[in-house]
Amino acid sequence: MSFLYDNIATLAVAALVCTFAWLFGGTRGDLLMPTTPWLLFFLAEMMICFPQRHPGEPTVEARARVWSALRKDPLTWVSVGFMLLLLIPFLNKGLCPICDYAEITFQGADPKPPIPFLPYCVNRLHHLNVCLWFFPALTAMLAVKHALVGRGKRLLLEIVVWNGALLGLLGIVQTATGAKGPLWIKSMVMPGHFFSTFGYPNMAGDYFTTLFGLSIALWRWTISQDDKVGNREVRTAHKDFWLRHIMLIPALICFFSALATLSRAAILLTISLAIVFILHAYASFFKKMSRLKRVRVLFASLVAVVALVLGLILWTPRDLQREVNTLNTTEILDRVTGRQQYHVRVATEIWKENFLFGCGGWGYKHLCIPKMTKAELRQIQMVGGINVHNDYLQFLAEHGLAGFGCLVAIVVLLVLPIGRAWNRLMKAARFLPAKDAPPRPYAFFVLPAPVFCILLTALATLIHAFGDCPLRSPAVLTLFFVSLAAMPGFLPYSIVEKS
């Protein structure tokens, strides 16, 4: 009971993050309606009433600390401002309550809201669906930042990572058994490829890519904490080899799950992250190793790489090989720029007409058809055509410069404390003795390795968002915000207080 009381806020955030993933990535609005509001209410209550306590801190003082921090944090007010922008369209009523493709094709949709200078939406029900993404995601972000202490942030990521490993194993089993839809549900039969509970490969790919990065971050944290025990015999007794490296198990599962999604962006980004993480780990560890141990590690690594390459050559699935063969510079540039599709042009037009506040959640779905040419209508994208496949343009078209600016500000405010910590650690590194100094260049190694891994993983998501729509999945969106908010849990306590 003591564990439950101490970690109830952590479990509330974990329940929300994991539920989004199990509810088909959160893309089913009919499943979000009966579940998300209750999870959001429970999370808000736990955040305010039962926040995690520092050692020796009474619950009353913990509540006062969290409430004071929430009121003083600009991140809170930017998040509240964005939520208010999402609420106004319910009053500036929907223009086309039951719009669908056929109706818009023949009748068109009236783009003039009742109050033209306020945010509006085309369809209130669809706009509500987007609210059910952002309200829980931003509340979870604030809970992680203020209601969880360092150990709670790390425990949260562990729960999410192991839940992701379970989802990855589920996806592999589904593929092996020839399932026609997520969770073997007949009504969820997918026309294209799916993986685990995700019906769209790029959303699944980004989700498991993020989990891979978080697993490596937790592994590096375990190693760093274990290495603080000076005596080798004490360290070995404290934590044996398997416990030191246990987070590599979900890391490997999520790595291969990301490849199994057949998302080309995920394949490229996951392999790129793996290479950078390996190089970063070698540079960090080699400085502390004896020459004999360096030779052993290099030999073991060489054997592992050769085995992995041979395995991929001999047993690469045909579908995965087909996707890899399409990866080239021209294909990547076309995907990022959207030159071969109408979505970028149409979304840009919609944004120009609704420059400040956009056209509301899922407004692109309703307003895109009247702006398409006859040739484009003949080649309309029937599967996935409701998305721009560029998250930044879709957020601009649907939430305008004001909404998009709020989202950018939220990300900047989450990263800003890490930037301050990096600056302080850079200054301190110059005065460290050679044996204690991090490897050069200091800029890449002064931050704790877990923070470096999380930052790089978040950057991978932002890159992916240029060429597709991973952030249109509440599971990915929530995990993105929560992982950034959890970064201070890996910083030294003195640095966190100053940042």
Side-chain angles (χ1 to χ4, degrees), residues 3-18 20 36 39-84 133-160 214 217 221 406-421 448 450-451 454-455 458 477-499:
F3 174 84
L4 181 63
Y5 183 77
D6 289 340
N7 295 282
I8 188 66
T10 302
L11 297 176
V13 179
L16 177 69
V17 177
C18 296
F20 270 144
T36 303
L39 288 170
L40 177 59
F41 176 78
F42 178 66
L43 172 59
E45 183 179 6
M46 295 304 104
M47 175 175 65
I48 299 299
C49 299
F50 300 100
Q52 276 196 313
R53 299 165 296 163
H54 292 295
E57 183 183 33
T59 302
V60 174
E61 291 184 11
R63 289 172 186 161
R65 169 177 54 81
V66 170
W67 184 244
S68 175
L70 283 169
R71 286 187 289 109
K72 294 177 182 178
D73 191 356
L75 183 64
T76 302
W77 299 109
V78 175
S79 301
V80 169
F82 181 66
M83 292 180 190
L84 288 175
W133 305 350
F134 281 107
F135 280 53
L138 296 178
T139 305
M141 173 195 71
L142 293 172
V144 172
K145 184 175 181 182
H146 295 297
L148 306 187
V149 298
R151 68 180 185 276
K153 292 176 171 67
R154 298 188 292 272
L155 175 62
L156 168 66
L157 294 188
E158 284 190 43
I159 295 172
V160 171
L214 296 180
W221 171 259
C406 287
L407 293 174
V408 172
I410 287 169
V411 175
V412 171
L413 289 170
L414 285 171
V415 176
L416 195 59
I418 305 303
R420 295 196 189 108
V451 177
I454 294 173
L455 278 175
L477 182 72
T478 306
L479 186 59
F480 175 77
F481 284 127
V482 163
S483 61
L484 288 179
M487 287 191 294
F490 298 96
L491 290 173
Y493 183 73
S494 59
I495 296 292
V496 174
E497 288 296 298
K498 292 178 181 178
S499 300

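Start at 1 with the first residue, then count along the sequence. As the structure is a computational prediction, the values presented were derived from the model and not from experiment.
Here CZ of Phe480 is found 8.0 Å from CG of Leu414. Values are rounded to the nearest 0.5 Å. Put simply, CG on Leu155 and CD on Gln52 are 7.5 Å apart, with the number rounded to the nearest 0.5 Å. Met487 CE to Leu157 CG: the interatomic distance, rounded to the nearest 0.5 Å, is 10.5 Å. Considering CG of Leu407 and CG of Leu138, their distance stands at 7.5 Å, rounded to 0.5 Å. Taking CG of Leu416 as the start and CZ of Arg420 as the end, the distance is 4.0 Å to the nearest 0.5 Å. To the nearest 0.5 angstrom, Leu148 atom CG is 9.0 Å from Asn7 atom CG.
Phe490 is linked by a ring pair (Phe, Tyr, Trp, His ring centres under 6.0 Å) to Trp221, counting only residues two or more places apart in sequence or in another chain. Here Phe82 pairs with Phe134, His399 under the ring pair (Phe, Tyr, Trp, His ring centres under 6.0 Å) rule; sequence neighbours left out. Partners of Ser483 under the side-chain contact (heavy atoms from CB on, under 4.5 Å) rule, at least two apart in sequence or in another chain, are Leu214, Ile454.
Residue pairs satisfying the salt bridge (Lys or Arg N to Asp or Glu O under 4.0 Å) criterion with at least one member in residues 7-17, sequence neighbours excluded, are absent. Each salt bridge (Lys or Arg N to Asp or Glu O under 4.0 Å) pair with one or both residues in residues 50-69, not counting sequence neighbours, appears once here: Asp6-Arg53, Glu57-Arg65. Legend: side chain to side chain donor-acceptor pair (under 3.5 Å) pairs involving residues 144-153, not counting sequence neighbours, sorted by first then second residue: Asp73-Lys145, Asp73-His146.
Residues Val144 and Leu484 are not in side-chain contact: their nearest non-hydrogen atoms beyond the backbone lie 4.5 Å or more apart. In this structure, Leu75 and Leu142 have side chains that are in contact, with non-hydrogen atoms separated by less than 4.5 Å. In this structure the side chain of Leu39 never reaches within 4.5 angstrom of the side chain of Phe20, judged on heavy atoms. Residues Trp133 and Thr478 form no side-chain contact, since every pair of their non-hydrogen atoms from C-beta on lies 4.5 Å or further apart. Using a 4.5 Å cut-off on side-chain heavy atoms (C-beta onward), Leu11 and Phe42 make no contact.
The two residues Cys49 and Thr59 make their nearest non-hydrogen contact at O-CG2, 4.1 Å. Nearest heavy atoms, Pro492 versus Pro448: CD-CG, 4.2 Å. For Ile410 against Ser79, the heavy-atom pair with the smallest separation is CD1-OG, 3.9 Å. When all heavy atoms of Val482 and Ala140 are compared, the pair lying nearest together is CG2-CB, 3.9 Å. Of all non-hydrogen atoms in Ala147 and Val66, the two that sit nearest each other are CA-CG2, 4.0 Å. Taking both residues in full, the closest heavy atoms of Thr36 and Pro136 are given as CG2-CG, 3.2 Å, listed atom of the first, atom of the second, then distance.
A donor-acceptor pair under 3.5 Å is formed between the side chain of Trp77 and the backbone N or O of Arg71.
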Open item on the list: Could you walk me through whether Met83 and Thr139 satisfy the side chain to side chain contact (heavy atoms under 4.5 Å, CB included) test, starting with their C-alpha distance in whole Å, then the side-chain angles of each, then the deciding distance to 0.1 Å, before giving a yes or no?
Closed with: CA-CA 10 Å; Met83 292 180 190; Thr139 305; 4.1 Å; yes

